[in-house]
Protein chains: 2
Amino acid sequence: MQLHKRDVVAAATSLLDDYGLADLSMRRLARELQVSPGALYWHFANKQQLLGAVADHVLAPVGRPSGDWPSRIGALCRQVRDALLSHTDGAELVSASFAAAESTVMADVVGQLTDAAAEAGVPATNAELTARTVVYYVLGFTVDEQSRRQWDAAGADLPDASLLTDDQDTRFDFGVRLLIDGILARREQRV
Amino acid sequence: MQLHKRDVVAAATSLLDDYGLADLSMRRLARELQVSPGALYWHFANKQQLLGAVADHVLAPVGRPSGDWPSRIGALCRQVRDALLSHTDGAELVSASFAAAESTVMADVVGQLTDAAAEAGVPATNAELTARTVVYYVLGFTVDEQSRRQWDAAGADLPDASLLTDDQDTRFDFGVRLLIDGILARREQRV
DNA sequence: ACCTGAACACCGTTCAAGT
DNA sequence: ACCTGAACACCGTTCAAGT
(Lines give C-alpha, C1' and ligand atoms only; values in the text may rest on other atoms or scores of the structure.)
Protein backbone atom coordinates (compact mmCIF):
# COMPACT_ATOMS: atom_id res chain seq x y z
CA MET A 1 0.00 0.00 0.00
CA GLN A 2 0.95 3.67 -0.40
CA LEU A 3 3.26 5.47 1.94
CA HIS A 4 1.77 8.53 3.67
CA LYS A 5 3.46 11.32 5.56
CA ARG A 6 1.66 10.35 8.76
CA ASP A 7 2.90 6.72 8.54
CA VAL A 8 6.46 7.97 8.11
CA VAL A 9 6.14 10.29 11.12
CA ALA A 10 4.59 7.53 13.24
CA ALA A 11 7.38 5.07 12.38
CA ALA A 12 10.02 7.72 13.01
CA THR A 13 8.52 8.51 16.41
CA SER A 14 8.58 4.87 17.43
CA LEU A 15 12.22 4.55 16.31
CA LEU A 16 12.96 7.66 18.36
CA ASP A 17 11.33 6.24 21.46
CA ASP A 18 13.03 2.86 21.11
CA TYR A 19 16.55 3.80 19.98
CA GLY A 20 17.02 7.57 20.36
CA LEU A 21 17.80 10.42 17.98
CA ALA A 22 21.31 9.25 17.06
CA ASP A 23 19.89 6.00 15.65
CA LEU A 24 17.04 7.65 13.77
CA SER A 25 18.47 7.58 10.25
CA MET A 26 16.72 7.89 6.92
CA ARG A 27 18.03 4.45 5.90
CA ARG A 28 16.90 2.76 9.09
CA LEU A 29 13.50 4.42 8.88
CA ALA A 30 13.13 3.26 5.28
CA ARG A 31 14.07 -0.29 6.30
CA GLU A 32 11.44 -0.20 9.07
CA LEU A 33 8.80 0.94 6.57
CA GLN A 34 10.01 -1.62 4.01
CA VAL A 35 10.65 0.94 1.31
CA SER A 36 13.85 2.09 -0.37
CA PRO A 37 15.64 5.10 1.16
CA GLY A 38 14.80 7.22 -1.88
CA ALA A 39 11.06 6.80 -1.27
CA LEU A 40 11.25 9.08 1.77
CA TYR A 41 12.49 11.89 -0.46
CA TRP A 42 9.27 11.87 -2.39
CA HIS A 43 7.45 12.95 0.80
CA PHE A 44 10.10 15.08 2.52
CA ALA A 45 12.70 17.40 0.99
CA ASN A 46 15.40 16.29 3.42
CA LYS A 47 16.06 14.82 6.86
CA GLN A 48 15.72 18.16 8.67
CA GLN A 49 12.22 18.61 7.32
CA LEU A 50 11.23 15.09 8.32
CA LEU A 51 12.60 15.67 11.84
CA GLY A 52 10.58 18.90 11.95
CA ALA A 53 7.42 16.89 11.27
CA VAL A 54 8.38 14.45 14.07
CA ALA A 55 9.01 17.42 16.39
CA ASP A 56 5.55 18.78 15.63
CA HIS A 57 4.07 15.35 16.36
CA VAL A 58 5.84 15.31 19.73
CA LEU A 59 4.49 18.80 20.43
CA ALA A 60 0.92 17.93 19.45
CA PRO A 61 -0.33 17.98 23.10
CA VAL A 62 0.70 21.63 23.47
CA GLY A 63 -2.41 23.80 23.39
CA ARG A 64 -3.45 27.44 23.54
CA PRO A 65 -3.90 28.17 27.26
CA SER A 66 -6.07 31.07 28.40
CA GLY A 67 -5.94 33.36 31.42
CA ASP A 68 -3.84 36.39 32.31
CA TRP A 69 -0.41 36.66 30.66
CA PRO A 70 1.71 35.25 33.51
CA SER A 71 -0.38 32.10 33.85
CA ARG A 72 -0.45 31.66 30.05
CA ILE A 73 3.36 31.77 29.99
CA GLY A 74 3.55 29.33 32.90
CA ALA A 75 1.08 26.89 31.36
CA LEU A 76 2.79 26.99 27.95
CA CYS A 77 6.22 26.33 29.46
CA ARG A 78 4.93 23.36 31.44
CA GLN A 79 3.09 21.92 28.45
CA VAL A 80 6.16 22.12 26.20
CA ARG A 81 8.41 20.56 28.85
CA ASP A 82 5.95 17.72 29.50
CA ALA A 83 5.67 16.98 25.78
CA LEU A 84 9.47 16.83 25.37
CA LEU A 85 9.91 14.54 28.37
CA SER A 86 7.37 12.09 26.90
CA HIS A 87 9.75 10.92 24.14
CA THR A 88 13.35 9.74 24.15
CA ASP A 89 15.59 12.67 23.16
CA GLY A 90 12.43 14.77 22.67
CA ALA A 91 14.12 17.92 23.96
CA GLU A 92 17.16 17.52 21.70
CA LEU A 93 14.95 16.85 18.69
CA VAL A 94 12.72 19.87 19.23
CA SER A 95 15.67 22.08 20.09
CA ALA A 96 17.35 21.21 16.78
CA SER A 97 14.11 21.60 14.82
CA PHE A 98 13.43 24.98 16.43
CA ALA A 99 16.93 26.23 15.60
CA ALA A 100 16.44 25.05 12.01
CA ALA A 101 13.02 26.77 11.89
CA GLU A 102 11.38 23.47 10.92
CA SER A 103 8.77 23.26 13.69
CA THR A 104 5.50 25.06 13.04
CA VAL A 105 4.27 24.30 16.57
CA MET A 106 7.29 26.02 18.13
CA ALA A 107 6.71 28.97 15.80
CA ASP A 108 3.16 29.12 17.17
CA VAL A 109 4.43 28.90 20.75
CA VAL A 110 6.73 31.87 20.08
CA GLY A 111 3.69 33.68 18.68
CA GLN A 112 1.64 33.02 21.81
CA LEU A 113 4.51 34.10 24.06
CA THR A 114 4.99 37.25 21.98
CA ASP A 115 1.35 38.15 22.54
CA ALA A 116 1.74 37.53 26.26
CA ALA A 117 4.84 39.75 26.40
CA ALA A 118 3.03 42.51 24.50
CA GLU A 119 0.09 42.23 26.89
CA ALA A 120 2.52 42.52 29.79
CA GLY A 121 3.66 45.85 28.38
CA VAL A 122 6.95 44.89 26.73
CA PRO A 123 7.67 47.31 23.84
CA ALA A 124 6.65 45.82 20.48
CA THR A 125 10.24 45.80 19.17
CA ASN A 126 11.29 43.47 21.99
CA ALA A 127 8.21 41.29 22.47
CA GLU A 128 9.40 38.51 20.15
CA LEU A 129 12.90 38.56 21.66
CA THR A 130 11.28 38.17 25.07
CA ALA A 131 9.27 35.22 23.76
CA ARG A 132 12.39 33.57 22.33
CA THR A 133 14.21 34.08 25.63
CA VAL A 134 11.51 32.03 27.36
CA VAL A 135 11.81 29.32 24.69
CA TYR A 136 15.62 29.21 25.03
CA TYR A 137 15.12 28.59 28.74
CA VAL A 138 12.52 25.84 28.34
CA LEU A 139 14.57 24.02 25.69
CA GLY A 140 17.90 24.48 27.47
CA PHE A 141 16.54 23.34 30.81
CA THR A 142 14.76 20.32 29.38
CA VAL A 143 17.64 19.16 27.17
CA ASP A 144 19.79 19.17 30.28
CA GLU A 145 17.19 17.51 32.48
CA GLN A 146 16.48 14.79 29.96
CA SER A 147 20.11 13.95 29.29
CA ARG A 148 20.74 13.50 33.02
CA ARG A 149 17.52 11.51 33.38
CA GLN A 150 18.42 9.16 30.52
CA TRP A 151 21.97 8.78 31.77
CA ASP A 152 20.68 7.74 35.18
CA ALA A 153 18.13 5.36 33.66
CA ALA A 154 20.88 3.51 31.77
CA GLY A 155 22.89 1.80 34.51
CA ALA A 156 23.79 3.51 37.81
CA ASP A 157 21.73 2.80 40.92
CA LEU A 158 19.10 5.52 40.54
CA PRO A 159 18.44 7.05 43.98
CA ASP A 160 14.62 7.09 44.01
CA ALA A 161 13.64 8.88 40.81
CA SER A 162 10.34 10.28 42.11
CA LEU A 163 11.96 12.58 44.66
CA LEU A 164 14.24 14.04 42.01
CA THR A 165 11.27 14.58 39.68
CA ASP A 166 9.45 16.77 42.21
CA ASP A 167 12.67 18.66 42.68
CA GLN A 168 13.01 19.26 38.94
CA ASP A 169 9.44 20.59 38.72
CA THR A 170 10.21 23.12 41.44
CA ARG A 171 13.49 24.11 39.82
CA PHE A 172 11.81 24.52 36.44
CA ASP A 173 9.15 26.79 37.95
CA PHE A 174 11.82 28.91 39.63
CA GLY A 175 13.30 29.76 36.23
CA VAL A 176 9.89 30.49 34.73
CA ARG A 177 9.15 32.90 37.58
CA LEU A 178 12.53 34.57 37.15
CA LEU A 179 11.62 35.24 33.51
CA ILE A 180 8.13 36.47 34.36
CA ASP A 181 9.59 38.85 36.94
CA GLY A 182 12.11 40.03 34.36
CA ILE A 183 9.27 40.73 31.91
CA LEU A 184 7.40 42.65 34.61
CA ALA A 185 10.45 44.83 35.17
CA ARG A 186 10.99 45.50 31.46
CA ARG A 187 7.52 46.89 30.79
CA GLU A 188 7.32 50.17 28.93
CA GLN A 189 7.42 53.15 31.27
CA ARG A 190 4.11 54.75 30.42
CA VAL A 191 3.62 57.89 32.52
CA MET B 1 57.26 15.63 13.16
CA GLN B 2 54.96 14.73 16.04
CA LEU B 3 51.34 15.65 16.20
CA HIS B 4 50.34 17.72 19.22
CA LYS B 5 46.91 18.49 20.62
CA ARG B 6 47.38 22.19 19.97
CA ASP B 7 48.20 21.59 16.27
CA VAL B 8 45.06 19.51 15.89
CA VAL B 9 42.92 22.22 17.54
CA ALA B 10 44.50 24.93 15.38
CA ALA B 11 43.87 22.99 12.16
CA ALA B 12 40.32 22.21 13.26
CA THR B 13 39.65 25.89 13.97
CA SER B 14 40.86 26.91 10.54
CA LEU B 15 38.66 24.26 8.89
CA LEU B 16 35.76 25.58 10.96
CA ASP B 17 36.35 29.15 9.84
CA ASP B 18 36.77 28.20 6.18
CA TYR B 19 34.08 25.53 5.71
CA GLY B 20 31.80 25.48 8.78
CA LEU B 21 30.88 22.88 11.38
CA ALA B 22 29.10 20.50 8.99
CA ASP B 23 32.32 20.04 6.99
CA LEU B 24 34.57 19.63 10.03
CA SER B 25 34.99 15.85 9.97
CA MET B 26 37.64 13.69 11.61
CA ARG B 27 38.67 12.35 8.20
CA ARG B 28 38.97 15.78 6.60
CA LEU B 29 40.92 17.09 9.58
CA ALA B 30 43.30 14.12 9.36
CA ARG B 31 43.78 14.75 5.63
CA GLU B 32 44.59 18.41 6.36
CA LEU B 33 47.17 17.37 8.96
CA GLN B 34 48.52 14.67 6.64
CA VAL B 35 47.99 11.85 9.12
CA SER B 36 45.70 8.84 9.04
CA PRO B 37 42.24 9.25 10.66
CA GLY B 38 43.22 6.84 13.43
CA ALA B 39 46.05 9.13 14.56
CA LEU B 40 43.53 11.62 15.96
CA TYR B 41 42.21 8.94 18.29
CA TRP B 42 45.56 8.73 20.03
CA HIS B 43 45.10 12.35 21.18
CA PHE B 44 41.30 12.55 21.61
CA ALA B 45 38.88 9.89 22.83
CA ASN B 46 36.26 10.84 20.23
CA LYS B 47 34.96 13.64 18.02
CA GLN B 48 32.89 15.25 20.81
CA GLN B 49 35.98 15.65 22.97
CA LEU B 50 37.94 17.17 20.09
CA LEU B 51 35.11 19.62 19.38
CA GLY B 52 35.12 20.51 23.08
CA ALA B 53 38.79 21.45 22.78
CA VAL B 54 38.00 23.60 19.72
CA ALA B 55 35.13 25.23 21.64
CA ASP B 56 37.51 26.10 24.47
CA HIS B 57 39.93 27.58 21.95
CA VAL B 58 37.14 29.74 20.53
CA LEU B 59 36.26 30.83 24.08
CA ALA B 60 39.84 31.66 25.03
CA PRO B 61 39.23 35.46 24.94
CA VAL B 62 36.58 35.16 27.67
CA GLY B 63 38.02 36.43 30.93
CA ARG B 64 37.06 36.90 34.56
CA PRO B 65 35.47 40.36 34.72
CA SER B 66 35.33 42.26 38.00
CA GLY B 67 32.87 44.76 39.42
CA ASP B 68 29.46 44.42 41.04
CA TRP B 69 27.37 41.40 40.11
CA PRO B 70 25.16 43.00 37.44
CA SER B 71 28.11 44.40 35.49
CA ARG B 72 29.99 41.09 35.82
CA ILE B 73 27.01 39.27 34.29
CA GLY B 74 26.75 41.85 31.52
CA ALA B 75 30.46 41.73 30.72
CA LEU B 76 30.53 37.92 30.69
CA CYS B 77 27.54 37.70 28.35
CA ARG B 78 29.07 40.17 25.91
CA GLN B 79 32.45 38.43 25.98
CA VAL B 80 30.93 35.03 25.26
CA ARG B 81 28.78 36.39 22.40
CA ASP B 82 31.75 38.22 20.85
CA ALA B 83 33.89 35.09 20.99
CA LEU B 84 31.20 32.98 19.29
CA LEU B 85 30.64 35.54 16.53
CA SER B 86 34.37 35.53 15.72
CA HIS B 87 34.25 32.04 14.17
CA THR B 88 32.01 30.42 11.58
CA ASP B 89 29.33 28.39 13.39
CA GLY B 90 31.01 29.33 16.69
CA ALA B 91 27.68 29.55 18.50
CA GLU B 92 26.48 26.17 17.25
CA LEU B 93 29.81 24.54 18.17
CA VAL B 94 29.89 25.92 21.70
CA SER B 95 26.21 25.22 22.21
CA ALA B 96 26.73 21.55 21.33
CA SER B 97 29.90 21.29 23.42
CA PHE B 98 28.16 22.88 26.41
CA ALA B 99 25.24 20.47 26.15
CA ALA B 100 27.71 17.57 25.98
CA ALA B 101 29.59 18.98 29.00
CA GLU B 102 32.82 19.01 26.96
CA SER B 103 33.77 22.68 27.40
CA THR B 104 35.73 23.55 30.53
CA VAL B 105 35.51 27.28 29.73
CA MET B 106 31.71 27.18 29.66
CA ALA B 107 31.79 25.25 32.95
CA ASP B 108 33.88 28.11 34.36
CA VAL B 109 31.47 30.70 32.98
CA VAL B 110 28.60 28.91 34.73
CA GLY B 111 30.72 29.00 37.89
CA GLN B 112 31.27 32.75 37.62
CA LEU B 113 27.58 33.37 36.94
CA THR B 114 26.63 31.16 39.89
CA ASP B 115 28.81 33.31 42.14
CA ALA B 116 27.19 36.46 40.76
CA ALA B 117 23.70 35.05 41.37
CA ALA B 118 24.63 34.08 44.92
CA GLU B 119 26.03 37.57 45.53
CA ALA B 120 22.76 39.00 44.19
CA GLY B 121 20.95 37.09 46.90
CA VAL B 122 19.52 34.15 44.95
CA PRO B 123 19.10 31.16 47.32
CA ALA B 124 22.02 28.71 47.03
CA THR B 125 19.81 25.89 45.71
CA ASN B 126 18.87 28.00 42.69
CA ALA B 127 22.06 29.95 42.00
CA GLU B 128 23.42 27.46 39.45
CA LEU B 129 20.04 27.17 37.71
CA THR B 130 20.01 30.96 37.45
CA ALA B 131 23.49 30.86 35.93
CA ARG B 132 22.45 28.22 33.41
CA THR B 133 19.40 30.28 32.46
CA VAL B 134 21.70 33.14 31.50
CA VAL B 135 23.86 30.75 29.46
CA TYR B 136 20.82 29.30 27.66
CA TYR B 137 19.89 32.85 26.64
CA VAL B 138 23.36 33.81 25.41
CA LEU B 139 23.75 30.61 23.41
CA GLY B 140 20.19 30.61 22.06
CA PHE B 141 20.34 34.25 21.03
CA THR B 142 23.74 33.95 19.38
CA VAL B 143 23.00 30.70 17.51
CA ASP B 144 20.00 32.47 16.04
CA GLU B 145 21.84 35.69 15.28
CA GLN B 146 24.74 33.89 13.65
CA SER B 147 22.60 31.66 11.47
CA ARG B 148 20.72 34.70 10.12
CA ARG B 149 23.99 36.60 9.67
CA GLN B 150 25.60 33.76 7.72
CA TRP B 151 22.47 33.25 5.64
CA ASP B 152 22.54 36.92 4.67
CA ALA B 153 26.27 36.85 3.95
CA ALA B 154 25.81 33.99 1.47
CA GLY B 155 23.88 35.57 -1.39
CA ALA B 156 20.96 37.99 -0.85
CA ASP B 157 21.58 41.70 -1.15
CA LEU B 158 22.50 42.47 2.45
CA PRO B 159 20.88 45.78 3.41
CA ASP B 160 23.80 47.54 5.12
CA ALA B 161 25.08 45.09 7.73
CA SER B 162 26.44 47.72 10.13
CA LEU B 163 23.02 49.13 10.99
CA LEU B 164 21.70 45.67 11.78
CA THR B 165 24.74 44.95 13.95
CA ASP B 166 24.04 47.93 16.21
CA ASP B 167 20.47 46.77 16.40
CA GLN B 168 21.53 43.28 17.45
CA ASP B 169 23.76 44.66 20.21
CA THR B 170 20.82 46.60 21.62
CA ARG B 171 18.51 43.61 21.37
CA PHE B 172 21.06 41.37 23.07
CA ASP B 173 21.43 43.84 25.95
CA PHE B 174 17.65 43.98 26.37
CA GLY B 175 17.56 40.25 27.10
CA VAL B 176 20.50 40.49 29.48
CA ARG B 177 18.75 43.24 31.41
CA LEU B 178 15.53 41.22 31.52
CA LEU B 179 17.48 38.40 33.17
CA ILE B 180 19.26 40.71 35.60
CA ASP B 181 15.91 42.22 36.60
CA GLY B 182 14.51 38.72 37.04
CA ILE B 183 17.44 37.84 39.32
CA LEU B 184 16.84 41.00 41.33
CA ALA B 185 13.23 40.00 41.86
CA ARG B 186 14.10 36.45 42.89
CA ARG B 187 16.44 37.42 45.73
CA GLU B 188 15.88 35.77 49.08
CA GLN B 189 13.48 37.73 51.28
CA ARG B 190 15.75 38.51 54.22
CA VAL B 191 13.87 40.60 56.76
C1' DA C 1 2.23 10.10 -9.03
C1' DC C 2 5.01 7.31 -6.52
C1' DC C 3 8.74 4.23 -5.86
C1' DT C 4 13.08 1.10 -6.87
C1' DG C 5 17.94 0.26 -7.54
C1' DA C 6 22.05 1.68 -7.70
C1' DA C 7 25.29 4.81 -7.32
C1' DC C 8 28.08 8.97 -5.32
C1' DA C 9 30.62 10.81 -1.93
C1' DC C 10 31.27 10.51 2.13
C1' DC C 11 31.16 9.38 7.73
C1' DG C 12 33.20 7.87 13.09
C1' DT C 13 35.68 4.43 15.24
C1' DT C 14 38.65 0.34 16.07
C1' DC C 15 42.74 -2.25 16.12
C1' DA C 16 46.49 -5.40 14.65
C1' DA C 17 50.72 -4.28 13.12
C1' DG C 18 54.61 -1.43 12.52
C1' DT C 19 58.48 1.98 14.16
C1' DA D 1 54.68 6.18 22.69
C1' DC D 2 52.73 7.26 18.56
C1' DC D 3 51.02 6.25 14.11
C1' DT D 4 49.53 3.51 9.66
C1' DG D 5 46.46 0.72 6.89
C1' DA D 6 42.70 -1.38 6.42
C1' DA D 7 38.58 -2.69 7.71
C1' DC D 8 33.64 -2.42 9.84
C1' DA D 9 29.37 -0.67 9.74
C1' DC D 10 27.24 2.65 8.50
C1' DC D 11 25.46 7.68 6.55
C1' DG D 12 22.25 11.53 3.39
C1' DT D 13 21.01 12.43 -1.11
C1' DT D 14 20.22 11.99 -6.16
C1' DC D 15 18.21 10.26 -10.21
C1' DA D 16 17.38 7.34 -14.33
C1' DA D 17 14.25 3.97 -14.90
C1' DG D 18 10.19 1.52 -13.93
C1' DT D 19 4.93 0.97 -12.89
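Treat the numbers as computed from the prediction; the structure is a model and nothing was measured. Lettering follows sequence order; numbering is per chain, from 1.
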Intra- and inter-strand pairs of DNA chain C in dot-bracket (Watson-Crick or G-U wobble, both distances under 3.5 Å; | for another strand): ||.|||||...|||||.||
Test log, rule salt bridge (Lys or Arg N to Asp or Glu O under 4.0 Å), inputs B/Asp169 and B/Arg81: CA-CA 10 Å; B/Asp169 288 355; B/Arg81 171 166 169 259; 2.9 Å; yes
Toward the 5' end of DNA chain C, by each residue's nearest nucleotide, A/Arg27 or A/Gly38: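 Nearer the 5' end of the strand: A/Gly38.
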Pairwise 5' ranking along DNA chain C for A/Ala39 and B/Tyr41, keeping only the more 5' one: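 Closer to the 5' end of DNA chain C: A/Ala39.
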Pair B/Arg132-B/Glu128, salt bridge (Lys or Arg N to Asp or Glu O under 4.0 Å): steps then yes or no: CA-CA 6 Å; B/Arg132 286 199 285 115; B/Glu128 199 200 314; 3.8 Å; yes
Derivation and outcome, side-chain contact (heavy atoms from CB on, under 4.5 Å), residues A/Leu84 and A/Leu139: CA-CA 9 Å; A/Leu84 305 190; A/Leu139 295 179; 3.9 Å; yes
Sugar-phosphate, base or nothing in reach of A/Ser36, heavy atoms under 4.0 Å: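 Base contact.
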For chain B, the stretch of DNA chain D it reaches, first to last nucleotide, under 4.0 Å of its heavy atoms: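 In short, chain B contacts DNA chain D from D/dA1 to D/dA7.
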Side chain to side chain, A/Thr170 and A/Phe174, heavy atoms closer than 4.5 Å: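 The answer is no; the side chains never approach within 4.5 Å.
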Test item: side-chain donor near acceptor, A/Arg149 and A/Gln146, under 3.5 Å: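 Side chains of A/Arg149 and A/Gln146: no pair found under 3.5 Å.
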Of B/Thr88, B/Val54, B/Leu93, the residue whose pairing with B/Leu21 passes side-chain contact (heavy atoms from CB on, under 4.5 Å):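 When B/Thr88, B/Val54, B/Leu93 are each tested with B/Leu21, the side-chain contact (heavy atoms from CB on, under 4.5 Å) holds only for B/Leu93.
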Separation of the P atoms in D/dA9 and C/dC10, to the nearest angstrom: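 Each nucleotide's P atom is 23 Å from the other's.
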side-chain hydrogen bond (donor to acceptor under 3.5 Å, both in side chains) against A/Ser97, all qualifying residues, sequence neighbours excluded: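 Once residues adjacent in sequence are excluded, A/Ser97 has no partner under the side-chain hydrogen bond (donor to acceptor under 3.5 Å, both in side chains) criterion.
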Aromatic plane relationship, B/Phe172 with B/Tyr137 - under 30° parallel, 30 to 60° tilted, over 60° perpendicular: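 Ring orientation, 0 to 90° scale: parallel.
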